[in-house]
There are 2 protein chains.
Amino acid sequence: MSKTANVRPKRAVRRPDASAGIDRGVAPVDLGVLPDLVGYMLRRAQLAVFQDFWRAFEAHDIRPAQYAVLLIIERNPGLRQSQVSAALNIKRANLVALLDSLERRGFAKRVPVATDRRSYALHLTDGGAALLKKLGELSAAHEQRISATIGETGRKELLRLLHGVVQAVGPSTTDDDES
Amino acid sequence: MSKTANVRPKRAVRRPDASAGIDRGVAPVDLGVLPDLVGYMLRRAQLAVFQDFWRAFEAHDIRPAQYAVLLIIERNPGLRQSQVSAALNIKRANLVALLDSLERRGFAKRVPVATDRRSYALHLTDGGAALLKKLGELSAAHEQRISATIGETGRKELLRLLHGVVQAVGPSTTDDDES
DNA sequence: TATTGTTATACTCTATAACTATA
DNA sequence: TATAGTTATAGAGTATAACAATA
């Protein structure tokens with residue numbers, strides 16, 4: 001342990017006798033090892049990326065989880081709620097309101113299944129398909145904005161590393177299982 | 001490394017001959033482009049890593065945000081709450097309860113500042129310093145668990161890419177500002 | 001008896017406004 | 001007037017338990 005990366009010389013907490021802490025710049029706070037902790041940087045990066053995503057999808061009032069659900073329904077027409085729940089790590093109970101919203105807004109629909117009247121087959125509406133077409137463009141631009149900062153090579157490498165972390169460190173929470 | 005990645009028995013969704021679909025086993029859900037979206041993978045990775053972190057720090061009942069606050073106080077003794085707030089992207093209002101908890105448990109303390117009676121200088125207690133020493137070991141082991149999956153080189157590279165993303169895509173929300 | 005979708009509920013995080021006591 | 005810390009509150013996101021209908 002204690003590779004103790006860059007030990008910055010602690011910047012004196014300059015504090016004038018009156019007020020005016022620092023001219024007008026950034027806080028002189030030393031983050032220490034935090035920037036070297038994967039968890040900390042993952043959280044910061046996730047917040048940053050989600051913020052860009054949110055801004056891009058704001059006009060359509062679609063959030064990450066909703067986009068993921070739409071995408072998975074598009075790719076797997078007829079999917080059941082429990083399957084979406086398991087695939088995306090969303091509790092069955094929490095998926096209900098999300099789908100209610102998508103259905104109410106005319107993007108997705110629940111179709112009764114003749115062979116199993118407990119469940120519904122999920123499908124996109126024409127409006128939902130059209131929406132996804134537009135969102136796909138916004139998503140591509142969003143990804144490109146990321147590529148613009150770390151390069152497309154860096155983006156691919158980032159994805160590769162994230163997959164490695166996910167697969168090994170936390171193979172997802174086995175989802176929904178309750179009771 | 002993935003030691004068999006213990007795949008839960010996951011009762012095969014045994015279902016009559018009705019809707020054939022796919023045989024037993026894992027969910028036959030196609031995630032489509034989701035695994036190629038940085039935002040989606042960042043979220044999955046963050047959840048996975050935080051889960052490992054949580055398990056590691058569980059015995060001490062310390063969560064990521066609390067650990068970050070303790071670290072930053074250790075590195076910058078005498079820091080004001082507003083500075084911690086700005087540095088860690090935690091709203092001033094939300095920092096109060098967090099510090100109350102750390103203070104109540106004897107890990108940190110608020111020391112009145114003679115020159116400005118509105119604010120407090122934050123310091124670790126001896127107990128807090130001792131705790132951090134122990135937590136540092138757990139944190140190092142936690143990072144090593146990540147290195148074990150993508151290699152120490154991969155971990156370093158991951159950190160580099162995450163920094164790139166954070167700096168360019170979202171230089172943090174300028175924090176607390178309200179009103 | 002087990003599963004699907006559902007409701008109700010609770011707990012954590014985060015966000016905003018407004019208050020106090022200082023400055 | 002502006003700022004530091006605080007309070008209260010609201011909103012997401014996520015977690016569990018229990019129920020009805022169905023398998």
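Chain naming here is simple, since letters A, B, ... match the order of the sequence lines and numbering starts at 1 in each. Heavy-atom basis, side chains included; hydrogens, waters and symmetry copies ignored.
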Assert: residue with more 5' nearest nucleotide on DNA chain C, out of B:Pro64 and A:Ser119, is A:Ser119
In whole angstroms, the gap separating P of C:dC13 from CZ of A:Phe50 amounts to 17 Å
Exercise for review: Would you tell me if any nitrogen or oxygen in the side chain of A:Arg117 comes within less than 4.0 Å of OP1 or OP2 on D:dT22?
Suggested key: yes
Regarding the side chain of A:Lys91, the nearest nucleotide among C:dT22, D:dT16, D:dT14 is D:dT16
Q.
Tell me whether the side-chain N/O atoms of A:Gln83 come closer than 4.0 Å to OP1 or OP2 in C:dT4.
A. no
* So, is A:Arg110 near the phosphate of C:dT4, with a side-chain N or O under 4.0 Å from OP1 or OP2? -> no
Comparing A:Ala65 with A:Ala114, nearest DNA chain D nucleotide closer to 5' gives the residue A:Ala65
Against the side chain of A:Ala93, the closest entry in C:dA8, C:dT16, D:dT3 is C:dA8
To the nearest angstrom, the NZ-C1' distance between A:Lys109 and C:dG5 comes to 20 Å
Would you say B:Ser82 places a side-chain N or O within less than 4.0 Å of OP1 or OP2 belonging to D:dG5? yes
Is it true that A:Arg55 and A:Glu58 have a side-chain N and a carboxylate O under 4.0 angstrom from each other?
no
Whole-Å distance, B:Leu98 CG to C:dC13 C1', equals 11 Å
Rounded to whole Å, CH2 of A:Trp54 lies from P of D:dA12 at a distance of 11 Å
If you define the side chain from C-beta out and look only at heavy atoms, does anything of B:Gln83 sit under 4.5 Å from B:Asn76? no
Value for CG (A:Leu34) from OH (A:Tyr40), rounded to nearest 0.5 Å, stands at 5.5 Å
Rounded to whole Å, the CG-P distance (A:Leu99 to C:dT4) equals 15 Å
Would one find a side-chain N or O of A:Arg63 under 4.0 angstrom from OP1 or OP2 of D:dG13? yes
Tell me, do B:Leu161 and B:Val165 make a side-chain contact under 4.5 Å, heavy atoms counted?
no
To the nearest 0.5 Å, atom CZ of A:Arg43 lies from atom CD of A:Gln46 at 9.0 Å
Between CD1 of B:Ile90 and P of C:dT16 the distance, given in whole Å, is 16 Å
Nearest-nucleotide check on DNA chain C, B:Asn94 vs A:Val96; residue mapping nearer the 5' end is A:Val96
Exactly one of A:Phe57, A:Phe53, A:Trp54 clears ring-ring contact (aromatic ring centres under 6.0 Å, His included) with A:His142, and that residue is A:Phe53
Would you say the side chain of B:Arg92 and the base of D:dG5 hold a donor-acceptor pair, judged only by whether the two atoms sit under 3.5 Å apart? yes
Here the distance between atom P of D:dT22 and atom CZ of A:Arg80, to the nearest Å, is 15 Å
A:Leu95 CG to D:dG13 C1', in whole Å, measures 14 Å
Tell me what A:Asp116 touches on the nucleic acid: a base, only sugar-phosphate, or nothing, going by heavy atoms under 4.0 Å. sugar-phosphate
Quick note, A:Tyr120 side chain, CB onward, closest among C:dT4, D:dT6, C:dG5 is C:dG5
